Amino acid sequence: QVQLVESGGGLVQTGDSLRLSCAASGRTFSSYGMGWFRQAPGKERRFVAAINWSGGDTVYTNSVKGRFTISRDNAKNTLYLQMDSLKPEDTAVYYCAASLSGYGSTSYNYDYWGQGTQVTVSS
């Protein structure tokens, strides 16, 4: 089992950057594929980015390609999401998630979720 705690959210302006972190408990962080999802007000939770256990493979939703970078540090049990060139449409609660069955864009493949961190981008 793993517990996930996100941090790094906040209120920023269009074009600014933020780095989200997701700290994982437990000794088996490197066994999990990891992902970031987001949920805007009144909308469903949606996939943002995912990374395999080693960090060697990543996948992004089209709207964040070239602006967001997912990475992980298995020695620190931490997942990151570097978000650059932020836009108002990036405003959402961001969740990290861990999967024992690989990684990808489908939320039901993830076994554990954090509580979320709010990101608000003003225009």
Side-chain angles (χ1 to χ4, degrees):
Q1 189 170 355
V2 63
Q3 292 184 329
L4 305 172
V5 179
E6 301 95 335
S7 62
L11 172 62
V12 297
Q13 295 184 338
T14 297
D16 285 350
S17 297
L18 275 177
R19 188 176 80 157
L20 305 184
S21 298
C22 173
S25 65
R27 301 179 182 179
T28 59
F29 176 71
S30 60
S31 300
Y32 294 90
M34 299 295 296
W36 287 100
F37 291 77
R38 65 187 180 187
Q39 187 168 19
K43 295 188 177 180
E44 295 181 349
R45 189 175 302 185
R46 294 186 175 180
F47 171 74
V48 176
I51 189 167
N52 76 329
W53 69 274
S54 68
D57 290 320
T58 59
V59 61
Y60 299 89
T61 192
N62 285 340
S63 62
V64 308
K65 284 181 180 177
R67 299 190 299 122
F68 291 11
T69 303
I70 188 172
S71 62
R72 65 190 298 163
D73 186 337
N74 287 341
K76 295 182 178 180
N77 284 6
T78 304
L79 174 73
Y80 302 100
L81 184 68
Q82 178 67 42
M83 304 187 296
D84 298 320
S85 302
L86 282 162
K87 304 176 181 179
E89 51 263 44
D90 295 318
T91 295
V93 177
Y94 283 71
Y95 299 89
C96 68
S99 171
L100 285 168
S101 54
Y103 69 107
S105 62
T106 306
S107 61
Y108 62 74
N109 284 339
Y110 288 82
D111 305 286
Y112 304 101
W113 294 81
Q115 83 291 347
T117 186
Q118 176 71 48
V119 172
T120 303
V121 185
S122 64
S123 57

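Treat the numbers as computed from the prediction; the structure is a model and nothing was measured.
Residue pairs meeting the disulfide (SG to SG under 2.5 Å) criterion with at least one member in residues 28-78: none, sequence neighbours excluded. A disulfide (SG to SG under 2.5 Å) check over residues 28-65, counting only residues at least two apart or in different chains, returns nothing.
Few gaps surround CD on Glu89; more than 12 heavy atoms of other groups in view lie less than 6.0 Å from it.
Relative ring orientation between Phe68 and Tyr94 is described as tilted, the plane-to-plane angle lying within the 30° to 60° band.
Taking Val121 as the reference, Val12, Thr14, Leu86, Pro88, Asp90, Thr91, Val119 meet the side-chain contact (heavy atoms from CB on, under 4.5 Å) condition, with sequence neighbours excluded. Every residue meeting the side-chain contact (heavy atoms from CB on, under 4.5 Å) condition with Thr58, not counting sequence neighbours, appears here in chain and number order: Ile51, Tyr60, Ile70. Here Lys43 pairs with Ala40 under the side-chain contact (heavy atoms from CB on, under 4.5 Å) rule; sequence neighbours left out.
Rounding to the nearest 0.5 Å places CG of Leu20 at 9.0 Å from CD of Gln82. Between Arg46 atom CZ and Gln39 atom CD the span is 10.0 Å, to the nearest 0.5 Å.
Looking at every heavy atom in both residues, Gly116 comes nearest to Glu6 through N-OE1, 2.9 Å.
Tyr112 pairs with exactly one of Met34, Gln3, Gln1 by the side-chain contact (heavy atoms from CB on, under 4.5 Å) rule, that one being Gln1.
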For residues 103-111, which side-chain N or O atoms pair as donor and acceptor with protein atoms under 3.5 Å away, sequence neighbours left out?
{"residue": "Tyr110", "atom": "OH", "partner": "Gly104", "partner atom": "N", "Å": "3.1"}
{"residue": "Tyr110", "atom": "OH", "partner": "Gly104", "partner atom": "O", "Å": "2.6"}
{"residue": "Asp111", "atom": "OD2", "partner": "Leu100", "partner atom": "N", "Å": "2.7"}

